[in-house]
Amino acid sequence: MLVVMQSDATPEQVARVIDSIRQIDLTPHSLPGPTRTAIAITGNTGAVDARVLEVLPGVKECIRVTKPYKLASREMHRDDTVVKLPQAEVGPKTFTVIAGPCSVENEAMVFRSAEFLLSRGVKLMRAGAFKPRTSPYAFQGMGVEGLAILKRVREKTGIGIVTELMDTEYAAAVEEAADVIQIGTRNMQNFSLLKRVGRCRRPVLLKRGMSATLEEWLMAAEYVMAGGNYQVMLCERGVRTFADHSRNTLDLSVIPPAKALSHLPVFVDPSHGTGKRAYVPAMALAGLAAGADGLLIETHPDPERALSDGAQSLDFPGTEKLLDQLRKLAAVLGRTM
Ligand code: PEP
Ligand code: MN
């Protein structure tokens, strides 16, 4: 249920509605908007009796939300969510690029990557300290040492850090090092991890599970939001199909329905989506054209020697060329980059 307040409702009237929702043992989520405040209600297993709320002063109407994902749904929140980071604003008017190496490999390469990206106008860098690898014998990431490198590089350069959290145990440590906490495809339905990041104060980049439906993906976002963290960004990174010409099948067709059903920003990751460097630029541009609000891309100073995902990483000249093309297309589509 969504309680919509009148545009001239006073803060006291809003507080009284919030209080009344708590009194019937449900959870209120205040959603202030440009023209009015709305209060979302979660925690109910059946329908909420609107009559007790409709009669309160300042209430305009109560709207039933039909989707199982409530806070993530556009029924609950008509306007696109804008996620405000210290370095960038993610939303419908911008196209936000997050680039960088798959893994933190050492301080020099992370620093070099940050300097390169900043010099080309990219203000957010991705790099994993904890790596979910298919083989236990493959490089597992530098862990807490990698987080320390990310913190130092952020301090020195000012670049924003996007890094993955795999385990609730390291939530506080990752939150401290990251401007955005990434949840990987393999953990999209790790519900204890989702609940934990629901209590974090950093925005979350939630990758789509490699075999998740759109509804399952939005329900995963709902877990984070139900915990009180409303700053969720979705990221399409390819799904499993019968196709073997690429590592995954980048499902660009999910972007328009994701944006229709949800108000959350949507990113596209053509690096994991294709697995092959040669196909990345075309799919990045296609993602922007399909309506994505941002791009997550792997860029490495020396892809041939990368410790993970080198085959899908662009080198610096390749990244630069793609950024130029994206800027031109973004301008045509009325987005700034
Ligand atoms: C990554 O971004 O490096 C990564 C491991 O992504 P995914 O979870 O999409 O495989
Ligand atoms: Mn990777």
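As the structure lists them, so they are numbered: ligands from 1, and atoms in each ligand from 1. All heavy atoms count here, side chains included; hydrogens, waters and symmetry mates do not. Computed from a predicted structure; not experimentally measured.
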> Does a side-chain heavy-atom distance below 4.5 Å link I63 with M1?
Replying inline: no

>> How large, to 10°, is the angle at the Mn ion (ligand 2) when you draw lines to NE2 on H272 and to SG on C102?
In response: 170°

> Between D309 and ligand 1, is there a nitrogen or oxygen pair with a distance under 3.5 Å?
Replying inline: no

> Any chance the side chains of Y230 and H29 put a donor and an acceptor closer than 3.5 Å?
Replying inline: yes

>> Looking at R202 and E175, is any side-chain nitrogen of the basic one under 4.0 Å from a carboxylate oxygen of the acidic one?
In response: no

> Would you call D80 and R74 a salt bridge, taking side-chain N to carboxylate O under 4.0 Å as the test?
Replying inline: yes

>> I need the contact type for R126 against ligand 1. Using non-hydrogen atoms and a strict under-4.0 Å cut-off, is it side chain, backbone, both or neither?
In response: side chain

>> List ligand 1 atoms under 4.0 Å from C102, heavy atoms only on the residue side.
In response: 3 (O)

> At what distance is the nearest protein heavy atom to atom 8 (O) of ligand 1, and which residue and atom is it?
Replying inline: T185 N, 2.8 Å

> Looking at D309, which of its N, O or S atoms is the nearest one to the Mn ion (ligand 2)?
Replying inline: OD2

>> Could you identify the single nearest non-hydrogen protein atom to atom 6 (O) of ligand 1 and state the distance to 0.1 Å?
In response: K207 NZ, 2.9 Å

> Near G184, which atoms of ligand 1 are under 4.0 Å from a heavy atom of that residue?
Replying inline: 8 (O)

> Any idea which N/O/S atom from E298 gets closest to the Mn ion (ligand 2)?
Replying inline: OE2

>> Quick test of your reading of the model: are D302 and R305 salt-bridged, counting only N-O distances below 4.0 Å?
In response: yes

>> Please determine whether a side-chain nitrogen of the Lys or Arg among R112 and E107 lies less than 4.0 Å from a carboxylate oxygen of the Asp or Glu.
In response: no

> Sub-3.5 Å donor-acceptor pair from the side chain of T249 to the main-chain atoms of G238, do we have one?
Replying inline: no

> Mind checking whether G128 has a heavy atom under 4.0 Å from ligand 1?
Replying inline: no

>> Pairing donors with acceptors under 3.5 angstrom, does anything connect the side chains of N190 and S192?
In response: yes

> Can you list the ligand 1 atoms lying under 4.0 Å from a non-hydrogen atom of R186?
Replying inline: 8 (O), 10 (O)

> Among the heavy atoms of M210, does any lie under 4.0 Å from an atom of ligand 1?
Replying inline: no

>> Give me the residue, atom name and distance of the protein heavy atom closest to atom 4 (C) of ligand 1.
In response: H272 NE2, 3.4 Å

>> Could you check whether any side-chain N or O of E216 sits under 3.5 Å from a backbone N or O of T213, counting only pairs where one atom can act as donor and the other as acceptor?
In response: yes

> Which atoms of ligand 1 are found less than 4.0 Å from any heavy atom of R237?
Replying inline: 7 (P), 9 (O), 10 (O)

